[in-house]
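A short write-up of the structure that comes next.
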Protein chains: 2
Amino acid sequence: MTEEELMLQQLFDEDKLTDKQKKIIVAAIETFSEKGYAASSTSEIAKKAGVAEGTIFRHYKTKKELLISIVAPLMTKFIAPIVVKDFNKVLDREFETVEEFLRATIENRRDLLIRMLPVVKIMFQEIPFQPELREQFFDLIVKNIFIRVEKVIKGYQDKGLLIDMPPESIARLTITNILGFLFSRYILFPHLEWDDELEIERTIQFIMHGVGKKD
Amino acid sequence: MTEEELMLQQLFDEDKLTDKQKKIIVAAIETFSEKGYAASSTSEIAKKAGVAEGTIFRHYKTKKELLISIVAPLMTKFIAPIVVKDFNKVLDREFETVEEFLRATIENRRDLLIRMLPVVKIMFQEIPFQPELREQFFDLIVKNIFIRVEKVIKGYQDKGLLIDMPPESIARLTITNILGFLFSRYILFPHLEWDDELEIERTIQFIMHGVGKKD
DNA sequence: TCTAAAAATGAGTGATTACTCACTTCAATT
DNA sequence: AATTGAAGTGAGTAATCACTCATTTTTAGA
């Protein structure tokens, strides 16, 4: 929770927020993540934040605006760095093998994903019900990721390291496997004992077998 | 919707339910699926079912009992057939290749999955918040599926058709890919244009490359 | 056709909901 | 020290919530 707060401070200190405003955001994330958006009451969030309920509505016209104001900037500020930074880094570094590229991508951002899990959970919970979020998610993340991932894939295809399947399918299948692992691991069955390193390694191997070219 | 009702009648006709009880269940599924459990009101469900609100509470003590009574039997009666029937069928028929097995499994049950989508959506929405459902889901489905899938996998491994990765990992990765496709296709981005047959074929190919042994 | 149990009703319950607003406190500038 | 605008407050509001219960309607066996 302490690391997450640091993360949140970094995320929100551009606009100068008061202590109470930050507490509201932290409390809202915690509550939305635990109970879901609809089952969370503004009075509970206010209580948890140590703030009067009216204070919430001074800064956010509605409860939904509170939700959006949490999720939307995190989509641009948290997900975008994953896409842009890492993939630019990758494009700069030019890994020699796809395995290295996958391992770097997954491991590099796994801890961050774990720390941001409450927010990610909110995102996936609410996207099916909030059209605004769905559109934002699609425009900001899906399109961007796919465009960039496809470029990377084409690069490796040109080097003869990946099979000739259309890049968008390779992208979909690769992302499916990475997210599928994280989803099972941290959202569906977090109570099971997992050997993370081993499962990541197997996921990479599986992807590589699936789309890599044999020597 | 008509086919779904037939399906529901089959599912629930063991207990003799009145017309109104069936209408309540259908309306509850529709509402829960559209808005989520917490955002659905019993008055709305009653209205949609053409029934007095009191009638709901004659048959279900609480709103949560209504949810459980919908999801729980469907976990045993809908998911179990997929596992038991198809996999027994598979064990009886003994497909010669894993591809045929995968294709049969996916295509055979895809239409059913699509028709049951509202319920599946409810399941995945509420499992993170309802411990009862999560435990049931795990005991009834995950354990069962994995035990049976692992048997099938071992069979194919003995025949030299699958690589030597531990069966539970092959099971996890295979299921991840199938569910990952269905999740992207029908829950996250149903509004996109999809070439279903093509994507299924690619998913199968991907799985096969990932875990199949080369001739 | 009569009767008794089951099914269905809908007005009514207190609790909780998101949200408002008149008011107070705080912080910064002059 | 006075002023001012923003931040914060919390009692209050109408609406809605899940749920109850006395009553009526329907169903089914004798």
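The basis for the numbers below is simple: all heavy atoms, side chains too, and nothing from hydrogens, waters or symmetry mates. Here is how names work: the chains are called A, B, and so on, in the same order as the sequence lines, proteins then strands, and each is numbered from 1.
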B:Asp19 atom CG is separated from C:dA6 atom P, nearest whole Å, by 20 Å
Taking the six-membered ring of A:Tyr37 as reference, does the NZ or CZ atom of A:Lys63 fall below 6.0 Å from its centre and within a 45° cone about the axis?
yes
Side chain to side chain donor-acceptor pair (under 3.5 Å) between B:Thr31 and B:Glu44: does it pass, once the steps are laid out?
CA-CA 8 Å; B:Thr31 313; B:Glu44 188 188 354; 5.0 Å; no
Could you tell me how far apart B:Ile24 (CD1) and C:dA8 (P) are, to the nearest whole angstrom?
7 Å
Earlier contact from the 5' end, DNA chain C, for A:Arg58 and A:Tyr37:
A:Tyr37
Would you kindly say whether A:Glu53 and A:Thr42 are connected by a side-chain donor-acceptor distance under 3.5 Å?
yes
Whole Å only: how far is the OH atom of B:Tyr60 from the C1' atom of D:dT20?
19 Å
Should B:Lys20 be listed as having a side-chain N or O under 4.0 Å from OP1 or OP2 of D:dT26?
no
Consider the side chain of B:Val51, meaning its heavy atoms from C-beta on, and name the nucleotide among D:dT9, C:dT9, D:dC19 that approaches it most closely.
C:dT9
Whole-Å distance between C:dT17 C1' and A:Ile56 CD1?
13 Å
Once you round it to whole Å, what is the distance between C1' of C:dA6 and CD of B:Gln21?
11 Å
Kindly say whether the aromatic ring centers of A:Phe206 and B:Phe206 come within a distance under 6.0 Å.
yes
Using a heavy-atom cut-off of 4.0 Å across all strands, would you classify A:Thr18 as base, sugar-phosphate, or nothing?
sugar-phosphate
Hey, is the main chain of A:Ala52 close enough, under 3.5 Å, to the side chain of A:Thr55 for a donor-acceptor pair?
yes
To the nearest Å, how far apart are B:Lys61 NZ and D:dT20 P?
11 Å
By nearest-nucleotide position on DNA chain C, the 5'-leaning member of B:His59 and A:Ala38 is B:His59
Look at the side chain of A:Ser43 and decide which nucleotide, out of C:dA7, D:dC17, C:dT17, has an atom nearest to it.
C:dT17
Between A:Lys47 (NZ) and C:dA18 (P), how many Å, whole number?
14 Å
Can you check the A:Glu44 CD to C:dT17 P distance for me, whole Å?
8 Å
From C:dT9, D:dA18, D:dG8, pick the nucleotide closest to the side chain of B:Lys63?
D:dA18
Of D:dA18, C:dT20, D:dG10, the nucleotide closest to the side chain of B:Phe57 is D:dA18
Tell me what A:Ser41 touches on the nucleic acid: a base, only sugar-phosphate, or nothing, going by heavy atoms under 4.0 Å.
sugar-phosphate
The answer to which of A:Ala52 and B:Ala39 contacts DNA chain D further toward the 5' end, by nearest nucleotide, is A:Ala52
